[in-house]
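Shown next, in C-alpha cells, is the structure this report addresses.
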Amino acid sequence: MNKKGQSLVIFVIVLPLLILALATIVDVGLMYNAKIRGERLLEEAKEKNLDIKEYFKINNLNVEIKNNETNDKNCDIINYRVESVFGKIIKINDYLIEVSDC
C-alpha cells in the first residue's frame, strides 16, 4: 500500500486544534490572573479603608460595584472586564470578572 501523505493530512487536522487549545489556555490564564489581581486589590482596599471604586481606578480597572447583604453581613460584589487576546477570533472581545468579599 502507498501511505505517502498520511502524516500531512493528520498534521493539517491536528494543527488548528492545537492552536485553539493553546489560545484557550492563554485566555483562561489571563482571566485567572485578573481574578487573583481583583481579589488582592479588594483585600488591600478593605484593609486600608479606601474607596474601592477609586482604588480599582488607580490600578487601571473600571469597576461596577453591587452591594449585597446576606446573613447580616455587608458584601461588595465587584464586576470588571478584561480584554480578550485570542477570544477576538470568535467575537469575544472581553471577559467579565466578578470578585466578592463575602
Side-chain angles (χ1 to χ4, degrees):
M1 278 215 275
N2 188 0
K3 295 185 178 184
K4 289 184 176 181
Q6 285 182 341
S7 297
L8 181 62
V9 171
I10 291 173
F11 180 74
V12 167
I13 292 171
V14 171
L15 184 64
L17 297 175
L18 183 63
I19 291 171
L20 181 64
L22 291 174
T24 302
I25 289 169
V26 168
D27 271 1
V28 168
L30 289 172
M31 288 187 296
Y32 180 75
N33 186 29
K35 183 159 179 80
I36 296 296
R37 180 178 178 217
E39 289 171 351
R40 182 180 45 82
L41 289 174
L42 180 60
E43 188 176 307
E44 288 175 4
K46 289 281 185 171
E47 284 177 4
K48 298 175 183 177
N49 292 325
L50 301 172
D51 181 36
I52 295 170
K53 194 166 191 168
E54 283 298 318
Y55 194 64
F56 272 77
K57 191 178 245 184
I58 290 169
N59 288 282
N60 299 323
L61 291 174
N62 294 324
V63 298
E64 182 180 305
I65 299 174
K66 296 180 206 169
N67 199 322
N68 187 13
E69 291 187 29
T70 56
N71 300 333
D72 299 326
K73 187 177 180 183
N74 191 10
C75 298
D76 292 320
I77 299 173
I78 317 302
N79 291 324
Y80 56 97
R81 297 197 170 273
V82 176
E83 191 173 331
S84 169
V85 174
F86 293 103
K88 292 177 183 175
I89 295 169
I90 55 173
K91 306 273 190 232
I92 299 174
N93 293 326
D94 53 13
Y95 300 108
L96 179 67
I97 307 293
E98 183 176 288
V99 179
S100 173
D101 65 344
C102 295

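All values below come from the heavy atoms of this structure, side chains included, with hydrogens, waters and symmetry mates left out. One-based numbering along the sequence shown.
Within the structure, side-chain hydrogen bond (donor to acceptor under 3.5 Å, both in side chains) pairs that include any residue of residues 20-31 comprise D27-S84, D27-Y95 (at least two apart or interchain).
Here the side chains of L42 and F56 are in contact, with some heavy-atom distance below 4.5 Å. Contact check for R40 versus I36: no side-chain heavy atoms found under the 4.5 Å cut-off.
By the rule that hydrophobic residues join a cluster once side-chain heavy atoms approach within less than 4.5 Å of another member, I25 and L30 end up as members of separate clusters. Both M31 and I92 sit in one connected hydrophobic cluster of ILVMFWY residues. Membership requires side-chain heavy atoms under 4.5 Å apart, directly or through other members. A continuous path of hydrophobic side-chain contacts links V82 to I90 [ILVMFWY only; heavy atoms under 4.5 Å].
Within a 6.0 Å sphere centred on NZ of K53, other residues, nucleotides and ligands contribute 12 heavy atoms or fewer. E44 CD: more than 12 foreign heavy atoms inside a 6.0 Å radius. Residue K88 places its NZ atom among more than 12 non-hydrogen atoms of other residues, nucleotides or ligands, all under 6.0 Å distant.
The two residues I77 and S100 make their nearest non-hydrogen contact at CG1-OG, 4.1 Å. Contact record, K35 with E98: NZ-O, 2.6 Å, taken as the closest heavy-atom pair.
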Which pairs would a plain distance check flag for residues 12-19, meaning a side-chain donor or acceptor within less than 3.5 Å of a matching protein atom at least two apart in sequence or in another chain?
none

Identify each donor-acceptor pair in which a side-chain atom of residues 57-64 lies under 3.5 Å from a protein atom, sequence neighbours left out, and give them as a table.
from: N59; atom 1: ND2; to: Y55; atom 2: O; distance (Å): 2.8

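Residue N79 is tested with L96, I65, V99, I97 for a side-chain contact (heavy atoms from CB on, under 4.5 Å); the sole match is L96.
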field: CA sep, side-chain torsions, deciding dist, call: E43, D101, side chain to side chain contact (heavy atoms under 4.5 Å, CB included)
entry: CA-CA 8 Å; E43 188 176 307; D101 65 344; over 6 Å; no
